[in-house]
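Every chain is numbered from 1 and lettered A, B, ... according to where its sequence line falls, protein lines coming before strand lines. This one's a predicted model, so the numbers in the text were calculated from it and none came from an experiment.
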Amino acid sequence: MSKISMTVNGKPASGEAEGRTLLVEFLRGELGLTGTHVGCDTSQCGACVVHVNGEAVKACTMFAGEADGAEVTTIEGMANPDGSLNAIQQAFQDHHGLQCGFCTPGMVMSAAALLKDNPKPSEAEVRDYLEGNICRCTGYHNIVKAIMAASGQDVTAIAAE
Amino acid sequence: MPKDHGIGASSKRREDVRFLTGKGRYTDDINIRGQAYVHFLRSDVAHGKINGLDTSAAESAPGVLRVFTGADFEGVGGLPCGWQVTDREGNPMQEPAHPVLAQGKVRHVGDPIAAVVAETYEQARDAAEQITVDIEELPAVMDMKAALKPDAPKVHEDLTSNLCYDWGFVEENREATNAAFEKAHHVTTLELVNQRLVANPMEPRVAIGDYAAHSDESTLYTTSQNPHVIRLLMGAFVLGIPEHKLRVVAPDVGGGFGSKIFHYAEEAFCTFAAKALKRPVKWVSSRSEAFLSDAQGRDHVTRIELALDAEGHFQALRTETYANMGAYLSTFSTSVPTWLHGTLMAGNYRTPLIYVNVKAVFTNTVPVDAYRGAGRPEATFQLERVIDKAAREMGIDPVELRRRNFVTEFPYATPVAVEYDTGDYNATLDRALEMADWDGFEARAAESAKKGLWRGRGINSYIEACGIAPSQLVGQLGARAGLYESATVRVNATGGLVVMTGSHSHGQGHETAFPQVIADMIGIDESQVEIVHGDTANTPMGMGTYGSRSIAVGGSAMVRAAEKVIAKAKKIAAHLMEAAPEDVELKDGQFSVAGTDKSIAWGDVTLAAYVPHNYPLDEIEPGLEETAFYDPSNFTYPAGAYVCEVEVDPETGKVRVDRFAAADDFGNVVNPMIVEGQVHGGLAQGIGQALLEGCTYDETGQLLSASYMDYAMPRADDLPSFQVDHSCQTPCTHNPLGVKGCGEAGAIGSPPALVNAVVDALQRGGKDVTHIDMPLSPARVWAAMQ
Ligand code: FES
Ligand code: FES
């Protein structure tokens, strides 16, 4: 066991971790940030995506120790400072981009990373980028729509309502 | 104008706020002080005799509290099957024992042999590696037809064979059906496989057992679609705990699609171990473990024959299906290939004679049970594929052949025991063709051809029976449960309401849609209504959510309870306004007396109910809370038509879905946004089945598709945007909301449309291909072309 410290959602956070403790286990177990989910054990589903030093990372692919000293943002840190939903979160609600909500934190974190790099992605670019995030509920239709809407694009053309 | 509140409005989902901010409370987010962790040692062979089990090293490993084996569960019941099917001769099905932990034998890879409970999960897992199991491997029973040969090894020695049942439906129609085939102008025959799938909700299963010694009360937190059903099955049949000493909580659940209906060994184990150890015991499935322990879906091998007259009118239909049960009977497994499949074989068509034969077979594989659609996708796939083949053989346009045979008058009693109340199959077909721009196909095909691609189009009509079900009917058919739903509507003194429902939401948005109904009935704001679900301690006994039943059955129970509340409130209002109760009306949250200007607000009446100073106490009790149990008188019959257009690359066999149009008739719709989302999700799972997914074992019973590396889940770039429409609405005639259910439609209707489209593309490309089994991987499509 060793002590690990990082900045999580803008606040200092620390806890104990074994060498084999994954970042996602540390966030969920040690810090109690259960918004980040675990949907697989082969780094395929993206339910665990967080931002580490501004980059989207699957938190099941990184040891907690590797994030020592890093800036980490999780879904719990995404809302506006007044607690209201940020633009991406709001678009997910407006366009019904979630059902059971289990993939949602990873989707929102991935979407935020996409829009940072590519502020006006095409539908094909959004679908391509989400290749690492599995959703079993929505068929992706409304997730794609929500992300495009969050980027300020007109989404009425994305198939019929 | 679309409505902005109440029934018919796309109200935004209130549950989204917690899910979008990481505040959902899924079972794995629950941690109880002092909890221990269990790791299951699972069989790595498909079939074997356990000759020895040495747990001593594991027991003394660091942190281990106890190692449990089958011996600890000898005095405990097995996992029950909830539906007894009777075979063609009238005999009950063969029903093997299903122990919580293996008793002397393992019957599929993943069958739990031992369970290690330790202080940490890592300690439990490390200790499990120190258990030595002496297994004598037996030949694995894998192929269903081979399993029924007289000399086949048996999955269960105490049964007479690997045949669970040989079911005929309707047995009395058998001779007449055969006779119709003798006389038929044309017979189309098709052999096909509806491959095994894994439901794969994104949240893996979790169970936490907790035991309170002071009250002798057990609590199970579990990822379930129906906590009351789990309480009943586990309490009464497995552990012998009376319901008043057992609480089952299913909090936020991350998708189910059927796989979280069933009662699983891990739930019983955690509840049992928590009491034995006086410690909370938690189990979290890994995804790899889910592939070995979640009940799987489909897995039918079918031969279907359709008899037609010279004009293409359907004369008779006959099928023979082998249905894989896996190694044990999961909770509702036996009903899926029978009552949820045979009863749907009429589809949308007037076929006067139908005979369905199903042989359910035990094999050394993970148990199979309901997965989104459950029996109805299998029925629809066979029927819509054979119709397409018949159209081609007879030179009749596939759209026209369907129209020629559609049921157009309702109610319509099928020859397979169900009565459709309403529908308009031509209307949904028209709408689907219009959305898909059917007439513009040739121009698009020419464009594809320029790119060297073959374009094809497929259609499909479907019907499903939802809202399971009339209890007396299913009782006669072998169900060991009632299938009503319940709701308690509690009105608070200040006018807000809480609805406690037996339905369970694991993505369907009940917390938003159910209040829309109540708000409309009373004329108050939706925000005044709160939905409570998922905890047996604070909801009435209910059967839960599956089979697209929540709004049709659970919603109806809620309406009935609300009607009782309103009737009582009107009596109170009548007293306060000094009028006769029958003259009192409730509108927009105000009670008024017809023909007068007297009125009183909803909140004044609710306050009077709890502060009964001026109150008709000699006639009615104080308080305003009512419960209703609603038992439907029939199934509901959503139906629709789907059109799929694909491009096939003749060089590689790769299929791309270019457009997909779905026109559904769900009767009345409470929240169109949620309904469309349900269809999208169903379409993705159906297209996933048709193109990508397949659960495969090798001949020794090893699961080859045991992770997301090998089991191809549909991803965003595999799917198009969908065109969906539910404007064709023929309301259900027998439930108070006129609703039909929408959760499974997409998964039922999409596979045949897609396969029909690919076959069409290959035919247009000059290949004489009449069928390809799913999933239509490039390799399979390419092979079919050669
Ligand atoms: S849990 Fe990290 S990718 Fe699935
Ligand atoms: S919303 Fe359920 S998995 Fe995406």
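- Only the backbone of B/Val253 comes within contact range of chain A, with at least one heavy atom under 4.5 Å from a heavy atom of that chain.
- A/Tyr140 has its ring centre no less than 6.0 Å from the ring centre of B/His680.
- Residues A/Phe102 and B/Tyr26 approach most closely at N-OH, 3.4 Å, considering heavy atoms.
- With chain B as partner, the option from A/Gln99, A/Arg28, A/Arg127, A/Arg136 having the largest number of non-hydrogen pairs under 4.5 angstrom is A/Arg136.
- A/Lys11 NZ: 12 or fewer foreign heavy atoms inside a 6.0 Å radius.
- With chain A as partner, the option from B/Ser707, B/Pro714, B/Ser10 having the largest number of non-hydrogen pairs under 4.5 angstrom is B/Pro714.
- When B/Val284, B/Asp717, B/Asp252 are compared by the number of non-hydrogen pairs under 4.5 Å with chain A, B/Asp717 comes out ahead.
- B/Tyr708 touches chain A through backbone and side chain together, each having a heavy atom under 4.5 Å away.
- Between B/Leu20 and A/Phe92 the shortest heavy-atom distance is CD2-CB, 3.6 Å.
- Both the backbone and the side chain of A/Thr42 come within less than 4.5 Å of a heavy atom in chain B.
- Taking chain A as the reference chain and counting heavy-atom pairs below 4.5 Å, the highest number among B/Leu683, B/Asp126, B/Asp718, B/Val679 is found for B/Asp126.
- Residue contact with chain B, scored on non-hydrogen atoms closer than 4.5 Å, involves the backbone of A/Val38 exclusively.
- Scored by the ring pair (Phe, Tyr, Trp, His ring centres under 6.0 Å) test, A/His96 finds no partners at all (sequence neighbours excluded).
- In this structure, the portions of B/Gln678 lying under 4.5 Å from any heavy atom of chain A include both its backbone and its side chain.
- Of the atoms belonging to B/Pro720, it is backbone heavy atoms, and not side-chain ones, that fall under 4.5 Å from chain A.
- With respect to chain B, the highest number of heavy-atom pairs below 4.5 Å among A/Ile88, A/Asn142, A/Leu130, A/Ile143 belongs to A/Asn142.
- The most heavy-atom pairs under 4.5 Å with chain B, out of A/Glu76, A/Glu18, A/Arg20, come from A/Arg20.
- In this structure, A/Thr104 OG1 and B/Asp16 CG are separated by 8.0 Å, a value rounded to the nearest 0.5 Å.
- Per-residue counts of heavy-atom pairs under 4.5 Å with chain B were compared for A/Pro105, A/Cys103, A/Cys137; the largest is that of A/Cys137.
- In terms of heavy-atom pairs under 4.5 angstrom with chain B, the leader among A/Met78, A/Glu123, A/Met107 is A/Glu123.
- In this structure, B/Arg287 contributes its side chain and A/Gly39 its backbone to a donor-acceptor pair below 3.5 Å.
- Contacts between A/Asp94 and chain B at a heavy-atom distance below 4.5 Å involve backbone atoms as well as side-chain atoms.
- Comparing B/Ala716, B/Gly256, B/Ala290, B/Gly22 by how many heavy-atom pairs each has under 4.5 Å with chain A, the most go to B/Ala716.
- Proximity to chain A is limited to the side chain of B/Met713, based on heavy atoms less than 4.5 angstrom apart.
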Begin with the C-alpha distance, continue with both residues' side-chain angles, and end with the deciding distance and a verdict on side-chain contact (heavy atoms from CB on, under 4.5 Å) for A/Cys45 and B/Met202. CA-CA 8 Å; A/Cys45 77; B/Met202 290 318 297; 3.6 Å; yes
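- Neither the backbone nor the side chain of B/Ala661 comes within less than 4.5 Å of any heavy atom of chain A.
- Using a 4.5 Å cut-off between heavy atoms, A/Leu98 touches chain B through backbone and side chain atoms alike.
- With a threshold of 4.5 angstrom between heavy atoms, B/Leu719 approaches chain A through its backbone and through its side chain.
- In this structure, A/His141 and B/Phe722 have parallel ring planes: the angle between them is below the 30° cut-off, well short of the 60° mark.
- Proximity to chain A is absent for every atom of B/Ile687, based on heavy atoms less than 4.5 angstrom apart.
- Residues A/Asp41 and B/Ser288 come closest through the heavy atom pair OD2-OG, 2.7 Å.
- Shown here is A/Glu55, whose CD atom has no more than 12 heavy atoms of other residues, nucleotides or ligands within 6.0 Å.
- Contact record, A/Gly139 with B/Ala684: CA-CB, 3.4 Å, taken as the closest heavy-atom pair.
- The parts of B/Asp28 that come within reach of chain A are both its backbone and its side chain, each placing non-hydrogen atoms under 4.5 angstrom from that chain.
- In this model, a donor atom of one side chain and an acceptor atom of the other lie less than 3.5 Å apart for B/Arg715 and A/Gln44.
- With a 4.5 angstrom heavy-atom cutoff, B/Thr21 touches chain A via backbone and side-chain atoms both.
- Most heavy-atom pairs under 4.5 Å with chain B: of the set A/Gly83, A/Cys100, A/Ala124, A/Gly101, this distinction falls to A/Cys100.
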